[in-house]
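Note that ligands are numbered from 1 as they come in the structure, with each ligand's atoms numbered from 1 the same way. Nothing here was measured: the structure is a model prediction, and the numbers come from that model.
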Amino acid sequence: MRQNFVAGNWKMNLTLPEAQALTIELMELLKADLTAARPQVVVCPSFPLLMAVGQLLGDSGNPALGAQNFHQKESGAYTGEVSAKQLQSVGCEYVILGHSERRQQFHEDDTLLAEKLKTALTAGLKPIFCVGETLETREADETFDYIGQQLAAGLFHLSKEEFGGLVIAYEPIWAIGTGRTASSEQAQEVHAFIRAQVAAAYDAATAADTTILYGGSCNAQNARELFSQPDVDGGLIGGASLKSRDFVEIVKSF
Ligand code: PEP
């Protein structure tokens, strides 16, 4: 279902008391700003914080709980790893997949991501699947080819039914954590391209129904302009999701 959507990726930040304090502040601010049109909000803490944050979020489904990663196998002898089913059992509804930090630092390639995607869907998790180009790729004018390839290899092996529960995030790598945001025109043209690729791989109705987020130094100042673009349905937020007021300002930017 296409919807306005804001997800916070807390990355490897916050201790348990800090995460609890941030969640309580968020809940208070969101309650004060309750409107019928509130977007779907998701927060994605690190593994050890999931249960405590989930308990504070409650079971309304908005805000929902998400994870940042999991192992591609369903269960077994993988010391130190976490399974999709375990995440689902502690209340996770969403999971981030294909984030550039995992692709670059943990060598997650399209084959692995395709496997993880199937495992997530089997466990009943909704993937937030990230794509995005490096600065080098953009400067070589190869952004569309690159993202087209990431979508084809990582996503389009799914059946139309499987694809239905999925959220896509366009995250230009040169904009992540750099303070350098894509202009709203740059974001819109890539989002429109992604939607067109989904239409070509499935059909126009599936494309019209797909939620596509922008991520990369999105903040309380630039969110409104970005979210006003016709194919931008919200944001995947890193740094600014760690500050309750900034995050809630972003949530209100539709
Ligand atoms: C991210 O890592 O998904 C992200 C968008 O980070 P930031 O908002 O800090 O650029």
- Message: Taking side-chain hydrogen bond (donor to acceptor under 3.5 Å, both in side chains) as the definition, give me every residue that meets it alongside Thr111, ordered by chain and number, with sequence neighbours left out.
- Response: none
- Do Tyr94 and Phe5 have ring centres separated by under 6.0 Å? yes
Using residues 150-157 as the side-chain source, report each donor-acceptor pair under 3.5 Å to any protein atom, sequence neighbours left out, with the distance given to one decimal.
| from | atom 1 | to | atom 2 | distance (Å) |
| --- | --- | --- | --- | --- |
| Gln150 | OE1 | Gly132 | N | 2.9 |
| His157 | NE2 | Gly154 | O | 2.8 |

Every pair of nitrogen or oxygen atoms between ligand 1 and the protein that is under 3.5 angstrom apart - can you list them with their distances to 0.1 Å?
| from | atom 1 | to | atom 2 | distance (Å) |
| --- | --- | --- | --- | --- |
| ligand 1 | 2 (O) | Lys11 | NZ | 2.5 |
| ligand 1 | 2 (O) | His99 | NE2 | 2.8 |
| ligand 1 | 3 (O) | His99 | NE2 | 2.9 |
| ligand 1 | 3 (O) | Glu171 | OE1 | 3.1 |
| ligand 1 | 3 (O) | Glu171 | OE2 | 2.7 |
| ligand 1 | 8 (O) | Gly238 | N | 2.9 |
| ligand 1 | 9 (O) | Gly239 | N | 2.8 |
| ligand 1 | 10 (O) | Gly177 | N | 2.6 |
| ligand 1 | 10 (O) | Ser217 | N | 2.7 |

- Hey, is the main chain of Ser217 close enough, under 3.5 Å, to the side chain of Asn222 for a donor-acceptor pair? yes
- Item | Short side-chain to backbone donor-acceptor contact, Lys116 and Phe70, under 3.5 Å | yes
Table please: side-chain donor-acceptor pairs of residues 232-244 below 3.5 Å, with sequence neighbours left out.
| from | atom 1 | to | atom 2 | distance (Å) |
| --- | --- | --- | --- | --- |
| Asp233 | OD1 | Arg2 | NE | 2.9 |
| Asp233 | OD1 | Arg2 | NH2 | 3.0 |
| Asp233 | OD2 | Arg2 | NE | 3.3 |
| Asp233 | OD2 | Arg195 | NH2 | 3.0 |
| Asp233 | OD2 | Ile212 | N | 2.9 |
| Ser241 | OG | Ile237 | O | 3.2 |
| Ser241 | OG | Gly238 | O | 2.7 |
| Ser244 | OG | Glu25 | OE1 | 2.7 |

